[in-house]
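This structure is a prediction, so every number in the text was calculated from the model and none was measured. Worth knowing before you read on, the calculation uses all heavy atoms, side chains too, and leaves out hydrogens, waters and symmetry mates.
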Amino acid sequence: MYPDLELKEKVVHGTKKNPITALHFTAGPGTPYPEYFFVERHWHPYVEILLIKKGSYLFEINLENHVLKEGDICILNSEELHQITGQSREAAHDVLLFDPQILGFSYPDEWQEQEIEPFLNHRAVLKNFLRSKEPGYQEIRQMLEQVMEAADEMSRSRGREQEEDRKEEHHSGQYIRCKLLLLELFYRMTGRQLLLSTDALRSASDMRKISRYKTIISYIEGHYQEPISLRQMADAIPCNSQYLCRFFKEIAGVSPIQYLIAYRVERSCSLLASTSRPILEIALDCGFENISYFIRKFKELKGCTPREFRKRYG
């Protein structure tokens, strides 16, 4: 678990004026992911499209596992629950992120009503995977790489303009070009029948389970500093405590209370490493009622005491 990344990701990619971003990730010695690339289960409002450049990855999307290899394309729709694990020690992938709302038009033409609006309202989603042997792959990949290249250039230009204190007219023009390319990418995807009805993809039971899991995670992230009982978490859905424990452990591998404790410890790690606040104050601020219980749970999960952790990472 990452101490600075809540499962409903609040990281902002791009800006309100320019909500398109291209990123590049590598794993291996000398990178931020020296062993394996890993991003814990989370969700976010933007669309994320990944192109695997090297190695292989295990993608968990809405609790289902899929392996992607070099050349494969993965599309993560807005609000989809997902986790990414590199299966090769040295791996690389490119990412395009964008706010799906920028695809919309105020004028309700046929394209807006039949394809864009259902996509924005989660009644339709893009197919999660496109592999090299599937029809339309080369067309979609080339278009995706054009959008990524335009987003890259836009980002570099923005950095140069900020350094040189120049006006942003040139950058605004680049954004418009990038948005037009993104619209063409979406058009080509829909033309290849990659836009699918959500009703045809997932059962109501599965969607309800995912929604409940996200509700519990959001509740924990919003209330971890307060006393939280199993009954309170169950009431957030609502359901009985036994059902909560059963379905939550099925997804997370631990009980809701174990998850809550681990989340509190992770939040304390961030404070221990980045502040000089007293350990007792941090423990209380992260929802632990007494210092001895905090130290015991911290050592169980981290293999060292809070004081030792601060000396090592502070």
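Summarising the geometry, atom CD belonging to E48 is positioned 4.5 Å from atom NE2 belonging to H82; distances are rounded to the nearest 0.5 Å. From T190, atom OG1 reaches atom OH of Y187 across 7.5 Å, with rounding to the nearest 0.5 Å. With values rounded to the nearest 0.5 angstrom, C304 atom SG is found 11.5 Å from I295 atom CD1. Between the CG atom in L260 and the CD atom in E221 there is a gap of 11.0 Å [rounded to 0.5 Å]. Here the CZ-NZ distance, from F248 to K209, works out to 13.0 Å after rounding to the nearest 0.5 Å. In this structure, L280 CG and D285 CG are separated by 11.0 Å, a value rounded to the nearest 0.5 Å.
Distance alone, capped at 3.5 Å, is enough to place a donor-acceptor pair between the S268 side chain and the V265 backbone. For R310 (side chain) and T305 (main-chain N/O), no donor-acceptor pair under 3.5 Å exists by modelled atom type. Of the possible polar contacts, one joining the E134 side chain to the R131 backbone as a donor-acceptor pair under 3.5 Å is found. Between the R41 side chain and the L81 main chain, no donor and acceptor come within less than 3.5 Å of each other. In terms of modelled atom types and a separation under 3.5 Å, the side chain of N240 and the main chain of Q242 share a donor-acceptor contact. One N or O on the side chain of E80 and one on the backbone of N77 form a donor-acceptor pair closer than 3.5 Å. Using modelled atom types, no side-chain atom of R212 and backbone atom of C239 make a donor-acceptor pair closer than 3.5 Å. Judged by distance alone, the side chain of T275 and the main-chain N or O of L272 form no donor-acceptor pair under 3.5 Å. The backbone N or O of P19 sits nowhere less than 3.5 Å from a side-chain atom of Y175 that would complete a donor-acceptor pair. Between the side chain of S78 and the main chain of P45, a donor-acceptor pair closer than 3.5 Å is present.
A continuous path of ILVMFWY side-chain contacts below 4.5 Å connects V254 to Y213, so both sit in one hydrophobic cluster. L58 and V39 fall into different hydrophobic clusters, where Ile, Leu, Val, Met, Phe, Trp and Tyr are joined by side-chain heavy atoms under 4.5 Å apart, directly or via other members. Hydrophobic clustering (ILVMFWY, side-chain heavy atoms < 4.5 Å, transitive): V67 and I73 are in distinct clusters. Note on F105: it clusters hydrophobically with L120, by side-chain heavy-atom contacts below 4.5 Å among ILVMFWY residues. Both I251 and I217 are part of a single hydrophobic cluster, where members link through side-chain heavy atoms under 4.5 Å apart.
Side-chain atoms of L126 and F119, non-hydrogen and from C-beta on, do get closer than 4.5 Å to each other. At least one side-chain heavy atom of C286 sits less than 4.5 Å from a side-chain heavy atom of L271. Two residues are said to be in side-chain contact when any heavy atoms from C-beta on lie closer than 4.5 Å; I49 and F98 meet this criterion. With a 4.5 Å cut-off on side-chain heavy atoms, N128 and F59 do not count as touching. Between L50 and L76 there is a side-chain heavy-atom pair separated by less than 4.5 Å. A heavy-atom distance below 4.5 Å is found between the side chains of R89 and P29. The closest side-chain heavy-atom distance from L130 to I75 is not below 4.5 Å. Residues R264 and F294 fail the side-chain proximity criterion, which asks for heavy atoms closer than 4.5 Å.
A search for side-chain hydrogen bond (donor to acceptor under 3.5 Å, both in side chains) contacts involving R296 returns nothing, not counting sequence neighbours. Legend: residues meeting salt bridge (charged side-chain N to carboxylate O under 4.0 Å, His left out) with R177, ordered by chain and number and at least two apart, are absent.
A pairwise comparison of heavy atoms in L301 and A262 identifies CD1-CA, 3.8 Å as the closest pair. Across every non-hydrogen atom of M233 and L244, the tightest pair is CB-CD2, 3.8 Å. In terms of heavy atoms, A151 sits closest to I20 at CB-CG2, 4.2 Å. The minimum heavy-atom distance between G71 and L51, with the atom names listed, is O-CD1, 3.8 Å. Taking both residues in full, the closest heavy atoms of A91 and S88 are given as CB-O, 3.9 Å, listed atom of the first, atom of the second, then distance. Shown here for G28 and E90, the closest heavy-atom pair between the two residues is CA-CG, 4.2 Å.
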inquiry  = Quick one, C74 with I61, criterion side-chain contact (heavy atoms from CB on, under 4.5 Å). Give me CA distance, side-chain angles, the key distance, then yes/no.
reply    = CA-CA 10 Å; C74 176; I61 304 178; 4.0 Å; yes

Derivation of the side-chain contact (heavy atoms from CB on, under 4.5 Å) call for H42 and Q83 = CA-CA 7 Å; H42 66 291; Q83 177 171 288; over 6 Å; no

request  = Evaluate the side-chain contact (heavy atoms from CB on, under 4.5 Å) criterion for residues D206 and N62: first the C-alpha distance (whole Å), next the side-chain angles of each, then the deciding distance (0.1 Å), finally the verdict.
outcome  = CA-CA 8 Å; D206 286 343; N62 290 325; over 6 Å; no

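For E149, the CD atom is loosely surrounded, since the number of other residues' heavy atoms within 6.0 Å does not exceed 12. Summarising the local packing, CZ of R307 is surrounded by 12 or fewer heavy atoms from other residues, nucleotides or ligands at distances under 6.0 Å. Counting heavy atoms of neighbouring residues, nucleotides and ligands inside a 6.0 Å radius, atom CD of E289 does not exceed 12 of them. More than 12 heavy atoms of other residues, nucleotides or ligands shown are found within 6.0 angstrom of NZ on K214.
A donor-acceptor contact under 3.5 angstrom links the side chains of D152 and H24, judged on distance only.
Taking the six-membered ring where the residue is Trp, H66 and F129 present tilted rings, their angle falling between 30° and 60°. The aromatic rings of Y313 and F309 sit tilted, their planes meeting at an angle between 30° and 60°. The aromatic rings of W111 and F186 sit tilted, their planes meeting at an angle between 30° and 60°. Relative ring orientation between Y293 and F288 is described as tilted, the plane-to-plane angle lying within the 30° to 60° band.
Tested against Q114 for a side chain to side chain contact (heavy atoms under 4.5 Å, CB included), the candidates Q112, E117, E110 yield a single pass: E110.
The pair K311-E308 does not count as a salt bridge, with every side-chain nitrogen at least 4.0 angstrom from each carboxylate oxygen. The residues E250 and R246 are annotated as not salt-bridged, no charged nitrogen and carboxylate oxygen being separated by less than 4.0 angstrom. Under 4.0 Å is where a charged nitrogen must lie from a carboxylate oxygen, and between K302 and E266 at least one such pair does.
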Result block: side-chain N/O donor-acceptor pairs under 3.5 angstrom for residues 140-147, not counting sequence neighbours:
residue: R141; atom: NE; partner: E145; partner atom: OE2; Å: 3.1
residue: R141; atom: NH1; partner: Y137; partner atom: OH; Å: 2.9
residue: R141; atom: NH2; partner: E145; partner atom: OE2; Å: 3.4

